[in-house]
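Read through the structure below, which is laid out as structure tokens, and then see the notes.
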There are 2 protein chains.
Amino acid sequence: MSRFRGKFVYTIDSKGRVNIPFKFRKVLSPGANETFVVSRAPNDCLRAYPKDAWDSYEDELASRPQTPETLQLHRLLGNTLSESTLDKQGRIKLDAEQIAIAGLVKSITLIGYTGYIEIWSTERFNEYIDKADDFDKVFFQSVEAGLRAK
Amino acid sequence: MSRFRGKFVYTIDSKGRVNIPFKFRKVLSPGANETFVVSRAPNDCLRAYPKDAWDSYEDELASRPQTPETLQLHRLLGNTLSESTLDKQGRIKLDAEQIAIAGLVKSITLIGYTGYIEIWSTERFNEYIDKADDFDKVFFQSVEAGLRAK
DNA sequence: TTTAATCGTGGGTAATTGTGGATAAGGAGA
DNA sequence: TCTCCTTATCCACAATTACCCACGATTAAA
């Protein structure tokens with residue numbers, strides 16, 4: 001599994017190209033074939049999954065019972081989904097609809113999570129963090145949740 | 001597991017480099033590959049985990065269902081997370097945001113706990129200790145909490 | 001007390017990475 | 001078939017980073 005970690009602030013150019021941090025490219029699993037699947041994620045941001053990881057996620061989605069809600073999710077996801085392969089400079093390309101949804105203008109923030117990368121407008125991401133609960137509070141809540149799960 | 005122990009007072013330089021005490025490097029597990037993951041911790045300090053130890057923690061986090069609360073935790077953590085490998089002199093590099101949050105200026109205090117290292121501004125750390133409750137009281141409260149958790 | 005080795009600190013240099021633009025290739029429509 | 005538009009590949013610059021070397025202080029040994 002690719003272990004993406006850390007935050008990087010980059011720039012999106014006029015052609016919709018976004019650089020993938022070198023550290024992320026380095027840990028990208030070979031099975032992904034240098035290709036990412038970009039989808040929409042909660043709070044109006046985008047996620048880039050390594051192609052092979054997306055395949056698994058897709059299988060999990062397909063296995064859920066087709067309730068009206070799940071069906072709607074499938075359709076909403078499909079609406080803004082794209083596949084993009086790294087160019088020689090290590091960038092992927094986002095399409096116009098994705099750029100609009102995430103409100104990407106110039107400054108982009110990329111954050112690595114274990115299996116995927118989130119792509120945010122820097123402005124919106126900072127707003128999200130500012131509005132979020134106090135770090136210490138969330139930290140201790142999480143510790144409790146971890147204990148309860150045992 | 002790496003058993004970090006003791007307190008060390010060092011200096012952060014203009015490039016954001018912080019020396020890791022020789023004693024800590026000596027006990028660093030080989031699985032960490034000379035690499036630390038630096039994250040934010042309660043009371044505006046930083047923590048450095050050996051890479052392999054962080055991997056396990058991350059797996060546990062990633063396995064939680066993505067509720068809005070969990071997602072918020074992921075993002076708060078990811079916001080100030082970085083990975084850094086020891087240079088030839090045995091130092092790691094902190095980024096500007098981490099330095100700002102922890103208020104690191106010159107004098108740094110590193111304290112080893114069993115599985116991680118905490119990085120504090122020396123000034124803030126001393127204040128924290130001064131303001132802390134009576135040692136004996138805190139000692140017995142923690143013992144009780146340990147009993148309740150079982 | 002002197003000497004030697006080890007560890008922490010600071011700075012200079014060279015390679016790498018991110019970014020923008022130019023050129024070539026491919027496809028659609030007339 | 002030709003032209004225009006879109007997409008992808010290539011090239012070049014500049015800022016940043018990481019690597020390397022050297023000094024000094026502290027500790028250990030003789």
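Quick note on labels: first sequence line is chain A, next is B, and so on, each numbered from 1.
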Under-4.0 Å salt bridge between A/K23 and B/E83
no
Could you tell me the separation between the CG atom of A/N19 and the P atom of D/dT16, rounded to a whole number of Å?
15 Å
Could A/K7 and B/E97 be called an ion pair, given the rule that one side-chain N must be under 4.0 Å from one carboxylate O?
yes
B/S82 side chain to B/Q98 side chain, donor-acceptor N/O pair below 3.5 angstrom:
yes
In whole Å, I'd like the distance from the NZ atom of A/K23 to the P atom of D/dT17.
10 Å
Please compare A/K93 and B/D87 by the position of their nearest nucleotide in DNA chain D and report the one closer to 5'.
A/K93
note: B/R91, atom CZ; D/dC19, atom C1'; distance rounded to Å ~ 10 Å
Spacing between A/F22 atom CZ and D/dT17 atom C1', to the nearest angstrom:
12 Å
Would A/N43 and B/R75 count as having a side-chain donor-acceptor pair, cut-off 3.5 Å?
yes
Tell me: CG of B/D95 to P of D/dA18, nearest whole Å?
11 Å
Presence of salt bridge, B/D59 and A/R3, under 4.0 angstrom:
yes
Whole-Å gap separating C1' (D/dA8) and NZ (A/K15):
9 Å
Between which nucleotides of DNA chain C, read 5' to 3', does contact with chain A run, using atoms under 4.0 Å from its heavy atoms?
C/dT17 to C/dA22
Rounded distance (Å) that lies between atom P of D/dC13 and atom CD of A/Q89
14 Å
Counting heavy atoms not belonging to B/Y128, are there more than 12 under 6.0 Å from its OH?
no
Tell me the interatomic distance from B/Y10, atom OH, to D/dA25, atom P, rounded to whole angstroms.
16 Å
Quick check on D/dT9: is either OP1 or OP2 less than 4.0 Å from any side-chain nitrogen or oxygen of A/K88?
no
